[in-house]
Amino acid sequence: MVKHTATSVVTIERFIIEQERMFPDATGELSGILYDMALVGKMIANKVRSAGLADILGATSDTNVQGEVQQKLDVIANEIVVKAFDHGGRLCAMASEEEEDIIHIPEGFRPGKYVLLFDPLDGSSNIDVNVPVGTIFSVFRKITRGSHGEMEDLLQPGRRQVAAGYILYGSSTMMVYTTGQGAHGFTLDPSIGEFLLSHPNIRIPAQARYLSVNDAYEQDWPEPTRALMRRYRGLDGERKALNVRYVGSLVADFHRNLLGGGVFCYPANNKSPNGKLRLLYEANPLAFIAEQAGGAACDGYGSILDVQPTELHQRTPLYLGSKDEVDLVSEFPLPKFVAPGIPERRSAHRPVAPAPVPTV
Ligand SMILES: O=P(O)(O)OC[C@H]1O[C@](O)(COP(=O)(O)O)[C@@H](O)[C@@H]1O
């Protein structure tokens with residue numbers, strides 16, 4: 001693989017090709033999915049940047065499967081992703097945080113050998129106040145027979161992801177992704193409409209600076225979680241306090257901690273025994289990126305990437321970021337949270353072999 005620095009002028013397309021060359025039996029299909037995701041990023045960035053002028057701010061009258069009011073841009077972003085991928089012959093099925101059920105490839109289009117799971121616009125409740133939002137994606141290889149995608153192809157443990165990433169619509173638009181060969185960041189140069197390599201081989205600083213948590217839920221946290229948060233804040237005299245930074249947009253909070261060192265926490269609480277964030281669309285892809293950058297991600301019982309999913313929209317507690325800070329969670333063992341219909345968390349973990357190196 002060619003060694004690049006942050007100043008080399010390398011487009012994301014060229015970088016994807018160079019990574020593909022590392023796999024002699026590559027078919028180019030996974031590369032094609034990454035190209036299309038970069039295109040999706042440019043199209044959604046364009047909508048987000050002009051949202052205030054184009055009367056696409058604000059909510060629709062609809063509620064999504066998560067029980068959240070759908071923002072107009074949620075629907076637009078979801079449509080952009082589905083329309084970009086449903087005819088390319090690379091996917092056999094998709095799943096979106098905004099759609100209740102599996103998204104099948106329309107009749108007439110050739111199904112491919114991968115599945116795509118995505119959160120079209122994470123943090124969308126922040127759009128109207130111009131706070132950074134993002135698109136998150138996760139790719140798995142089809143494991144069932146037959147040409148059409150099945151639920152089983154979508155409900156795979158995160159460790160089997162062949163690619164994952166996010167696009168952040170912030171002060172600049174950035175795409176960060178991994179195919180298991182490190183995590184790499186690209187910045188969109190709007191003057192030429194190209195994502196250029198700006199952060200090759202990202203390493204999350206082991207020394208954390210930031211804590212990202214919404215402590216409005218503190219009264220609903222179990223005691224071990226409160227003790228953990230006191231440790232992060234240096235309130236138990238065991239360490240120096242982390243600086244608290246919380247945007248309320250997962251992608252923006254994660255990105256800051258990925259580059260600056262820190263830990264993002266969305267613990268379980270008595271009202272939400274499984275926290276809020278979605279395992280398939282949010283936790284799995286960011287956990288893959290974090291691990292590829294030398295960080296970690298857990299749900300309080302074990303690695304997020306070893307959780308066997310059971311439902312498309314299942315939620316999970318999430319601790320994500322610098323490895324030492326995530327490992328600290330295990331020093332404050334949590335009580336067993338048993339939510340109706342959701343398997344006992346402790347038993348949801350079975351160490352999973354990573355996905356075989358993809359023939360990209
Ligand atoms: O308001 P809370 O409870 O702190 O939740 C904030 C979290 O919810 C989210 O907004 C959920 O995102 P969605 O917009 O994808 O539903 C995350 O981005 C963020 O980390």
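Residue numbers count from 1 along this sequence. Read the numbers this way: they start at 1 and go in the same order the structure lists the ligands and their atoms.
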Subset of ligand 1 atoms that lie under 4.0 Å from at least one heavy atom of Asp119
15 (O)
Provide the number and element of each atom of ligand 1 under 4.0 Å from a heavy atom of Glu97.
13 (P), 15 (O), 16 (O)
Would you mind telling me if ligand 1 is within reach of the side chain of Leu250, the backbone, both or neither, using heavy atoms under 4.0 Å?
both
Test your reading of the structure: does Arg278 have an N or O sitting under 3.5 Å from an N or O of ligand 1?
yes
Can you list the ligand 1 atoms lying under 4.0 Å from a non-hydrogen atom of Glu68?
16 (O)
If you count every heavy atom of other residues, nucleotides or ligands that lies below 6.0 Å from Glu152 atom CD, does the total exceed 12?
no
Row check, Tyr210 ring normal vs Arg256 NZ/CZ: under 6.0 Å, within 45°
yes
Distance to 0.1 Å, residue and atom name: give those for the protein heavy atom nearest to atom 14 (O) of ligand 1.
Gly123 N, 2.8 Å
What atoms in ligand 1 come closer than 4.0 Å to a heavy atom of Ser124?
14 (O)
Mind checking whether Val251 has an N or O less than 3.5 Å away from an N or O of ligand 1?
no
Which is closest to atom 10 (O) of ligand 1 in terms of heavy atoms, Ser249, Gly248, Ser272?
Gly248
For the pair Arg278 and Glu68, evaluate salt bridge (charged side-chain N to carboxylate O under 4.0 Å, His left out) and give the outcome as yes or no after the intermediate values.
CA-CA 13 Å; Arg278 277 55 58 150; Glu68 295 156 350; 3.2 Å; yes
Is the closest basic N to carboxylate O distance between Glu150 and Arg145 below 4.0 Å?
no
Side-chain donor-acceptor contact under 3.5 Å, Tyr177 with Tyr166:
no
Can you list the residues that meet the side-chain hydrogen bond (donor to acceptor under 3.5 Å, both in side chains) rule with Asp327, with sequence neighbours excluded?
Lys323
Phe264 and ligand 1 - part of the residue with a heavy-atom distance under 4.0 Å
side chain
Are Asn284 and Ser138 linked by a side-chain donor-acceptor pair shorter than 3.5 Å?
no
Measuring from atom 4 (O) of ligand 1, which candidate in Tyr266, Tyr246, Tyr281 has the nearest non-hydrogen atom?
Tyr246
Given side chain to side chain contact (heavy atoms under 4.5 Å, CB included), test Ile12 with Ile16 step by step and report yes or no.
CA-CA 6 Å; Ile12 196 167; Ile16 291 169; 4.0 Å; yes
Asp122 contact mode with ligand 1 (heavy-atom cut-off under 4.0 Å):
both
What is the closest protein heavy atom to atom 5 (O) of ligand 1, and at what distance does it sit?
Lys276 NZ, 3.0 Å
Linked hydrophobic residues, Val247 as query - side chain contacts closer than 4.5 Å
Val129, Val131
May I ask you to list the atoms of ligand 1 that are less than 4.0 angstrom from any heavy atom of Tyr217?
2 (P), 3 (O)
